[in-house]
Amino acid sequence: MSEERSLNFIEEIIENDLNSGKYATLITRFPPEPNGYLHIGHAKAICLNFGLTKKYGGYTNLRFDDTNPVTEKTEYVNSQQEDIKWLGFQWKNELYTSDYFDTLYDYAVDLIKKDLAYVDHSTAEEIAALKGTPTEPGIGSTYRNRSVEENLDLFSRMKNGEFEDGICTLRAKIDMASPNMLMRDPILYRIKHAAHHRTGDKWCIYPMYDFAHGQSDSMETITHSICTLEYVSHRELYDWLIEKLGIFPSKQYEFARLNLSYTVMSKRKLLQLVNEDFVSGWNDPRMPTISGLRRRGYTPESIREFCDRIGIAKRENLIELGLLEFCVREHLNKTATRVMAVLDPIKLVITNYQKDQTEILIGENNPEAEDKGGTREIPFSNELWIEREDFMEEPAKKWFRLAPGSMVRLKHAYIVKCEDFKKDAEGNVTEIHCTYIPDTKSGADTSGINVKGTIHWVSRQHAKNAEIRLYDRLFTVESPDAEEGDFKDYLNPNSIEVIKQAYIEPYMSNASKDIRYQFIRKGYYCLDDDSTPELLIFNRTVSLKDAWAKTNK
RNA sequence: UGCCCGAUAGUAUAAAGGUAGUACAACGGUUUUUGGUACCGUUUGUCUAGGUUCGAAUCCUGGUCGGGCAACCA
């Protein structure tokens, strides 16, 4: 490790705790609620929690925070596990908050016995009304002074199913005048006659997040419980419960969640996009979910690198989408197999190349790789497909692709000179006629001719057809959450473009989902899940940087 | 009008009282059989007003701005 990276504030805390001997082993946890798919924001938390124990030793638990049976599903548990593994991390223990329901119940009884909790028969509305506001203190419920015996009895009857949903709750008895709203007698348990994805019908009362999270951390002797900023004000309650219960003192630390430009990151909003069919599902390649990014062609390495680069701090942030794209380009540049594909084809005829002749050319698969990634055979003939945008009837300044009279190199092949072109009635160019220069063959060029432009191509008679899906940002504005009105008003209508008729090298008939491809001069692509041997379908992960498009703007 | 967090180039993130640095972006250049990659260079910053100090991004005080807090969600 030669590169010295400075520590983030959590690493500083951990190093201090480890050096001072406060803890011998670092233990963290990643605690998703199984009520949706994991997204890139979760990836930040995953990389943080797992990365810390990878760096300092110790281990990380995966704990599903499943205290609300009505929103949670096993489908989500499975997808979340798959995503974490795919990102490259392995948890020590697979745990569920629901594993602790018995202990949590005992903790509640303990609190009641200490006269620190009571059963409240107020309605939700009454509780809200008596809660006060941030600027005015709340008022104690009339049930606040029930005796310990009565509370014990009522709480066990709650557990036994004697009450309907919403009839009563168990509340902590703390301070209705606290400046921290969460300390105004927070609800600890509520009644929900709902089947739980793991405990089934065993329980009809479920603990609230605040009565489950800290104690679960404590039971697992989590040394550093890391969460996002919105839990800062929960920390006082977290500490209060641990202290009153006299259990292992896990400590909570908060960092700023990830916000990514041109997307939304809340599970609620992502679920809405899925449910209302704005996208094809949680793993739509335009989604910022881990599964969406995976299908889009992002690699775990690139996502980890991204999480590393964005850093960990406490200030609100909005990361530019460009950084994520940089990270995936950086990784794919080193690893992707280069092939040629023509997305918007126009016919190029080489008039001095023999009609029935086919020549096999050799192409390096990856000039960035040590062994050049091996080579492949590329058939060449007198009729090719080239990219429509690589020809300009009236060339712009500094244009060094094809134009009447100009020369370009055909990648891996010969230099050709444009002699003529044809147009249809509407004025669209339909065909380009060139002559090739025989002694300019790639790797054996003895001509001494130098051309500035190199373009990609596919032999017309050998080309495979492919469908190509181009993606763009999901939203038209940087921060859809911050805009007026509904975030869906800002969906990008052009976030997907499907090209039905693209041509690709015959080599790609053996394309694999495990291999990432660079379509030379175009971008990085991967085989989509919808692809079949009969119809190859590719997703554009990200385009290549295009300096020409920029200067031309 | 309460409490809590925060504020360093366009975006992120360092500097633990002592030269404001790094990455991405932008701009310019070199190399190049991908207008890609690689490499080199340039521009741009401590929210504000006081105070402490030989010296403040850092410590203190006031202000400003941004975010969070009044779910039987997590």
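Note on naming: letters A, B, ... go to the chains in the order of the sequence lines (proteins, then strands), and numbering restarts at 1 for each one. Because the structure is a prediction, the values reported are computed rather than measured.
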Item to check | Separation between the P atoms of A15(B) and A7(B), rounded to whole Å | outcome: 12 Å

Item to check | Closest listed nucleotide, where the reference is the side chain of R409(A) and the choices are C69(B), U33(B), C24(B) | outcome: U33(B)

Checklist entry - Reckon R315(A) has a side-chain N or O less than 4.0 Å from the OP1 or OP2 of U13(B)? => result yes

Checklist outcome for this item: Against the side chain of R190(A), the closest entry in C72(B), G35(B), U33(B) is C72(B)

Item to check | Interatomic spacing from CD1 in I415(A) to CG in L410(A) - rounded to 0.5 Å | outcome: 9.0 Å

Next on the checklist: Given A71(B), G36(B), U13(B), identify the nucleotide with an atom nearest to the side chain of N317(A).
Outcome noted: U13(B)

Next on the checklist: Please check if the number of heavy atoms outside K372(A) that lie under 6.0 Å from its NZ is greater than 12.
Outcome noted: yes

Next on the checklist: Can you say whether a donor on the side chain of R521(A) sits under 3.5 Å from an acceptor on the base of U34(B), or the other way round?
Outcome noted: no

Item to check | Strand partner of G55(B), provided both Watson-Crick or wobble distances fall under 3.5 Å | outcome: none

Checklist entry - Atom CD of E370(A) and atom C1' of A38(B): how far apart are they, to the nearest Å? => result 15 Å

Checklist entry - Hey, does the side-chain of T454(A) have a donor or acceptor N/O within less than 3.5 Å of a partner on the base of U34(B)? => result no

Item to check | Heavy-atom donor-acceptor pair, E254(A) side-chain to G68(B) base, under 3.5 Å | outcome: no

Checklist entry - G35(B) base to R401(A) side chain: any donor-acceptor pair below 3.5 Å? => result yes

Checklist entry - Counting side-chain heavy atoms from CB outward, which of U33(B), A70(B), G35(B) is closest to K131(A)? => result A70(B)

Checklist entry - Is there a donor N/O on one and an acceptor N/O on the other, under 3.5 Å, for the side chain of E320(A) and the base of G10(B)? => result yes

Next on the checklist: Could you tell me if the side chain of S543(A) sits less than 4.5 Å from the side chain of R329(A), heavy atoms only?
Outcome noted: yes

Item to check | Assigned partner base of C69(B), Watson-Crick or wobble definition, under 3.5 Å | outcome: G2(B)

Checklist entry - In terms of side-chain heavy atoms of E33(A), which of U34(B), A25(B), C73(B) is nearest? => result C73(B)

Checklist entry - Between the base of U34(B) and the side chain of R338(A), is there a donor-acceptor distance below 3.5 Å? => result yes

Checklist entry - In the structure shown, which nucleotide is the Watson-Crick or G-U wobble counterpart of A12(B), with both distances under 3.5 Å? => result U22(B)

Next on the checklist: Using whole Å, what does the distance between atom C1' of nucleotide C24(B) and atom CG of L324(A) come to?
Outcome noted: 12 Å

Checklist entry - Under 4.0 Å between a side-chain N/O of K550(A) and OP1 or OP2 of A26(B), yes or no? => result yes

Checklist entry - How would you label the contact of D546(A) with the nucleic acid (heavy atoms, under 4.0 Å): base, sugar-phosphate, or nothing? => result sugar-phosphate

Item to check | Salt-bridge criterion met for R29(A) and E220(A) (N-O under 4.0 Å) | outcome: no

Next on the checklist: Does G36(B) have its OP1 or OP2 closer than 4.0 Å to a side-chain nitrogen or oxygen of K522(A)?
Outcome noted: no

